[in-house]
Amino acid sequence: MSAGFEIQEGILVNYSGDDTEIVIPNGVTEIAEDAFLENKKIVSVIMPDSIIKIGAQAFRKCIKLKEIDFNIKNKEKELYKLNKKVMKK
């Protein structure tokens, strides 16, 4: 599991680690706005099925980010609507 997560009451508010593949811990329900702002190392992110909300621009300026793997269960539930601002460069 990746280190460097700041999680408050199920909300991932910040990531300060240096892994290139991020595995969001089970139980995290939300990724806060700008949680990964300007992280220049992240290449991929794997979401648990507990995620129900991703804040605006959560991955803004993550210039190496190529893939976000959403759990199949979340896709089927259609729990969140992503807009272009989530990964705005």
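A quick note: this is a predicted structure, and the numbers were derived from the prediction, not measured.
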**OP:** Check step by step if side-chain contact (heavy atoms from CB on, under 4.5 Å) holds for E30 and L12.
**Re:** CA-CA 6 Å; E30 182 177 337; L12 194 162; over 6 Å; no
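Applying the side-chain contact (heavy atoms from CB on, under 4.5 Å) test to D18 and every residue at least two apart in sequence or in another chain returns K41.
Of all heavy-atom pairs spanning A58 and A32, the tightest one is CB-O, 3.7 Å. Across all non-hydrogen atoms, the minimal contact from P48 to P25 is CG-O, 3.5 Å. Considering every non-hydrogen atom in both G27 and S50, the closest pair reads N-OG, 3.1 Å.
Taking the side chain as every heavy atom from C-beta outward, V45 and L65 approach each other to under 4.5 Å. For the pair F5/V13, no side-chain contact is recorded, criterion being any heavy-atom separation below 4.5 Å from C-beta on. I22 places none of its side-chain heavy atoms less than 4.5 Å from the side chain of S44.
In this structure, F36 and F59 have parallel ring planes: the angle between them is below the 30° cut-off, well short of the 60° mark.
One finds the CD atom of E33 at 13.0 Å from the CD1 atom of I54 (value rounded to the nearest 0.5 Å). Between the CD1 atom in I63 and the CD1 atom in I42 there is a gap of 11.5 Å [rounded to 0.5 Å]. Distance check: K64 NZ to K40 NZ gives 10.0 Å after rounding to the nearest 0.5 Å. In this structure, D69 CG and I24 CD1 are separated by 11.5 Å, a value rounded to the nearest 0.5 Å.
Between the side chain of T29 and the backbone N or O of I52 there is no donor-acceptor pair closer than 3.5 Å. Looking at D34, its side chain never comes within 3.5 Å of a backbone N or O of L37 through a donor-acceptor pair.
Partner M47 forms a side-chain contact (heavy atoms from CB on, under 4.5 Å) with one of V28, V23, I31 and no other, that one being I31.
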